[in-house]
Amino acid sequence: MARKCTASINLSAIKENYLYAKSLAPSSKAIAIIKADAYGHGAIKVAKELNEVADAYGVACIEEAIELISSGIDKIPILLLEGVFEKSELILVEKHSLIVTVCNSVQLQWLLDAHLNRPIDVFVKYDSGMGRLGFQDDSFTHAINLLEKSNNIGEITLMTHFSSADDLGSTLTTKQISNFDNTLYTEKYPGSLANSAAILKWSESHREYVRPGIMLYGSSPFSEKTPLKKLTPAMTLSSLLISIKSFKAGQSIGYGCRYICKKNTLIGVVAIGYADGYPRSAIDGTPVFINGVKSKIAGRVSMDMITIDLTGVPNPQIGDRVELFGENVSVDEVAKYCNTISYEILSKITRRVYKAYI
Ligand SMILES: *Cc1c(COP(=O)(O)O)cnc(C)c1O
């Protein structure tokens, strides 16, 4: 690897964060959410790291499940968070004992009609206020009635998802919990409500299963600054300085001349750009970390490069490593400057970035 644009991934941090999630919900099983290639961290590596401790894995689709199974991860249950997208998948679901979410009447019918040799475990999704997937009130009851009667169905678990658990001031989470509890079946069947935000801050939502995602990767789900103990960032994204030049006051930097030097300025070029997944939406002032200090993006992010202001950076040299986020600059802070969330940045790191596992 000549171009040293690297995401170093600390797998033991992910394990620590998983165990922390479990310690917050000690009576729950924790489904480690490793969809979207474990939010960009590498699903196979993460699953192998968690193999000794994980209760289950959650992925978005059967392709993600098969990827895990093909690499030997076949002892721990895998939940398809959106269920199946076509009926033919049920053959593989049965073969690999996957757990499927049932979100709508079409998926329900596929399950009821399937010719199976053994029953499939299901998570039945209830729309308690998210307004996305899941059955609404009467159709939820109806779906459960049908599933209960079917020989195709093994264990039934009830699932719902929060729309605003990351907003500690919102009343909707409490409302969603009571909507969920008001369905007729929450006494009878195990439940699963909590995502990372709810694991961290809405303990009344902890039921038989919790579903930690972003917190496994050491990032906060909260939009506002919320004090959190113990989350360790798992990914450090960095690359090298490949140019250092001084510019005079008034000179412009990069595409569209977005950054104009206010004084004589030393500008560095770093070998990372939006084709590596570093957001093009990063504004001037977005922090980076170099030689022990924070510095700032100056000028528009290009496909393969960014430009940074080296003012105040001790002894910058070509070849110095620049951290875009990780241990010294949090991905959450970078996400704010990019008007997005850490989830998007992490899951969009592209394959050109070399992944180093530590
Ligand atoms: C992605 C996902 C999660 C994890 O959410 P985080 O906010 O990353 O913890 C939980 N449940 C479902 C259904 C999901 O799709």
Side-chain angles (χ1 to χ4, degrees), residues 14 17-22 24-25 28-41 43 46-47 50 54-62 64-65 77-85 98-104 107 122-135 157-168 170 172-173 176-177 180 190-203 205-224 226 228 230-231 233-235 331-332 335 340-348:
I14 297 175
N17 294 332
Y18 178 80
L19 293 173
Y20 179 52
K22 280 191 69 81
L24 293 173
S28 308
K29 289 188 169 178
I31 305 169
I33 304 299
I34 55 171
K35 65 192 177 191
D37 204 23
Y39 295 43
H41 294 69
V46 171
L50 296 180
D55 298 315
Y57 296 124
V59 298
C61 55
I62 199 145
E64 293 184 347
I78 302 174
L79 168 67
L80 303 182
L81 291 163
E82 291 152 49
V84 293
F85 295 80
L98 304 176
I99 307 167
V100 289
T101 304
V102 193
C103 309
N104 62 49
Q107 287 178 330
V122 295
F123 273 46
V124 192
K125 191 142 187 190
Y126 174 61
D127 187 352
S128 60
M130 172 71 179
R132 199 178 58 182
L133 292 181
F135 295 96
T157 300
L158 312 180
M159 169 156 79
T160 197
H161 194 52
F162 294 128
S163 75
S164 310
D166 59 316
D167 177 358
L168 297 176
S170 166
L172 189 59
T173 304
Q176 285 193 255
I177 296 170
F180 182 80
S192 176
L193 297 82
N195 56 4
S196 296
I199 291 167
L200 290 159
K201 294 287 177 188
W202 302 90
S203 57
S205 72
H206 300 173
R207 302 296 157 85
E208 283 76 0
Y209 295 90
V210 295
R211 307 190 303 273
I214 195 71
M215 71 179 292
L216 300 179
Y217 311 103
S219 159
S220 163
F222 300 104
S223 31
E224 298 301 317
T226 306
L228 296 175
K230 281 197 67 168
L231 289 183
M235 186 191 291
V331 65
D332 303 315
T340 182
I341 53 176
S342 61
Y343 300 67
E344 185 179 17
I345 296 183
L346 294 172
S347 64
K348 280 185 166 170

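Each ligand, and each atom within it, is numbered from 1 in the order the structure gives. Just so you know, these numbers come straight off a predicted model, no measurement behind them.
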For atom 15 (O) of ligand 1, grab the closest protein heavy atom and report residue, atom and distance to one decimal in Å.
Lys35 NZ, 2.7 Å
Taking it one step at a time, do Met130 and Thr160 satisfy side chain to side chain contact (heavy atoms under 4.5 Å, CB included)?
CA-CA 8 Å; Met130 172 71 179; Thr160 197; over 6 Å; no
With heavy atoms only and a cut-off of under 4.0 Å, state how Ser196 meets ligand 1: side chain, backbone, both or neither.
both
Could you tell me which atoms of ligand 1, counted from 1 in the order shown, lie closer than 4.0 angstrom to a heavy atom of Ile214?
6 (P), 8 (O), 9 (O)
Hey, are the side chains of Ser219 and Tyr39 touching, using non-hydrogen atoms and a 4.5 Å cut-off?
no
Is the shortest heavy-atom distance from the side chain of Leu81 to the side chain of Ile33 under 4.5 Å?
yes
Trp202 vs Asn195, side chain to side chain contact (heavy atoms under 4.5 Å, CB included): CA-CA, chis, key distance, verdict
CA-CA 10 Å; Trp202 302 90; Asn195 56 4; over 6 Å; no
Return the set of residues passing ring pair (Phe, Tyr, Trp, His ring centres under 6.0 Å) with Tyr209 (not counting sequence neighbours), or none when no residue passes.
Phe123
Crowding at NZ, Lys29 (>12 non-hydrogen neighbours, <6.0 Å)
no
Looking only at distances, please establish whether an N/O atom of ligand 1 is found under 3.5 Å from an N/O atom of Tyr343.
yes
May I ask you to check whether Gly213 has an N/O atom sitting below 3.5 Å from an N/O atom of ligand 1?
yes
I'd like the name of whichever of Met130, Met215, His161 reaches closest to atom 13 (C) of ligand 1 through any heavy atom.
His161
Identity and distance of the protein heavy atom lying nearest atom 11 (N) of ligand 1:
Arg211 NE, 2.8 Å
Using heavy-atom distances only, which candidate in Phe162, Phe123, Tyr39, Tyr217 approaches atom 5 (O) of ligand 1 most closely?
Tyr39
